[in-house]
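Notes for the one structure printed next.
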Number of protein chains: 2
Amino acid sequence: MILNAEDAQQRALAFKALADPNRLRLLSIVKAGSDGGTCVCDLTEPLDLGQPTVSHHLKILVDAGLLHREKRGTWAYYSLVPGALEQTAGLLASL
Amino acid sequence: MILNAEDAQQRALAFKALADPNRLRLLSIVKAGSDGGTCVCDLTEPLDLGQPTVSHHLKILVDAGLLHREKRGTWAYYSLVPGALEQTAGLLASL
DNA sequence: CACATAGATTGACATGCGTCGATATGTTTG
DNA sequence: CAAACATATCGACGCATGTCAATCTATGTG
């Protein structure tokens, strides 16, 4: 059965979120970080990007369901949504 | 270990190729087709796109190493590169 | 309350990308 | 060779996207 237009559109959104090198690096850093999450301040420096740009990329990853955002006090902690990467990988197998 | 800039760039290229609904549908149609490959004429109609646009998308998929192109006579037959989708899916697990 | 700090949002700009029409290339047929 | 056909390439257009500087929001601290 071939993919219909709506399903294709939705899956493309997931891959669009992964289609940027800096977002892949963000995911990598968050994945390597502690379970409590990684704060934005620890993400800005290694990527050599401005803070607004990092916030922008993080928002895209949260909207795509890949990252979870939790605010504690002044800081925002980002963590991987469990299983989200595996689920996205599964989208390829079921093409 | 966090992803370095070059690796991130290269992986992003793979996901960029998947980040378009019409390209996902092309992959789906080719996957569902016969082993001998699917010709462009069979790809243009179901996507409701012009022939140059389909050729353009196919080129991107070939450049990404996902599709193989074989010309037989006047027709060009496209087929999935064995294991390519699985390998791309694997890029996510190793972030 | 005044101020500092972390992060998000906005607006602007340049670049990239999907699409199309027109054209070029190459192959088959008469 | 000429005509028809399948596919690729080119040029242009509009829209999406990544980035930054400036600003806003909210939380803490004197």
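Within every chain, numbering begins at 1; the chains are lettered A, B, ... in the order of the sequence lines, protein sequences first and strands thereafter.
As a whole-Å value, the separation of A/L18 CG from D/dG18 P is 12 Å. Nucleotide C/dG18 holds its C1' atom 16 Å from the CZ atom of B/R25, rounded to whole Å. Atom CD of B/Q9 is separated from atom P of C/dG16 by 11 Å (rounded to the nearest Å). Whole-Å rounding puts the A/D20 CG to D/dA16 P distance at 18 Å. Between the CG atom of A/D63 and the C1' atom of D/dT17 there is a distance of 15 Å, rounded to whole Å. Distance CG (B/L67) to P (D/dA8): 12 Å, rounded to an integer number of Å. Separating the NZ atom of A/K71 from the P atom of D/dG28 is a distance of 9 Å, rounded to the nearest angstrom. When rounded to the nearest whole Å, the span between CG of A/L49 and P of D/dT17 equals 18 Å.
Of the two residues near DNA chain D, A/N22 and A/G73, the one whose nearest nucleotide lies more 5' is A/N22. Where A/H56 and B/W75 each meet DNA chain D at their nearest nucleotide, the meeting point lying more 5' is that of B/W75.
Dashed line: the shortest gap from a side-chain N or O of B/R69 to OP1 or OP2 of D/dA8 is under 4.0 Å. OP1 or OP2 of D/dT19 lies within a sub-4.0 Å distance of a side-chain N or O belonging to A/H57. Contact annotation: B/R72 does not reach the phosphate of C/dT27 (side-chain N/O to OP1 or OP2, under 4.0 Å). Distances shown here put every side-chain N or O of B/Y77 at or beyond 4.0 Å from the OP1 or OP2 atom of D/dA6. Within the 4.0 Å cut-off from OP1 or OP2 of C/dC20, at least one side-chain nitrogen or oxygen of B/T53 is found. Taking side-chain N and O atoms only, B/S55 has a distance below 4.0 Å to OP1 or OP2 of D/dA8. Note on A/Y78: a side-chain N or O is less than 4.0 Å away from OP1 or OP2 of C/dA8.
Between A/V81 and A/L66 there is no side-chain heavy-atom pair separated by less than 4.5 Å.
Going from atom CG of A/L27 over to atom CG of A/L85 covers 6.0 Å, rounded to the nearest 0.5 Å.
B/K71 places no side-chain N or O within 3.5 Å of a backbone atom of B/A76 that could act as its donor or acceptor partner. A donor-acceptor contact shorter than 3.5 Å is absent between the side chain of B/R69 and the backbone of B/K59.
In this structure, the nucleotide among D/dG18, D/dT7, D/dT9 sitting nearest to the side chain of B/P52 is D/dT9. When each of D/dG18, D/dA8, C/dT19 is scored by its nearest atom to the side-chain atoms of B/V40, the top-ranked nucleotide is D/dA8. Among the nucleotides D/dT9, D/dA26, C/dG26, the one closest to the side chain of B/K59 is D/dT9. With D/dA8, D/dT17, D/dC5 as the candidates, the nucleotide lying closest to the side chain of A/K16 is D/dT17.
Minimum heavy-atom separation, B/S28 to A/L3: OG-N, 2.9 Å.
For B/Q51 against D/dA6, no side-chain N or O and base N or O form a donor-acceptor pair under 3.5 Å.
Judged purely by distance below 3.5 Å, without hydrogens or angles, the side chains of A/S94 and A/R11 pair a donor atom with an acceptor atom.
A/I60 comes within 4.0 angstrom of the backbone, heavy atoms only, and of no base.
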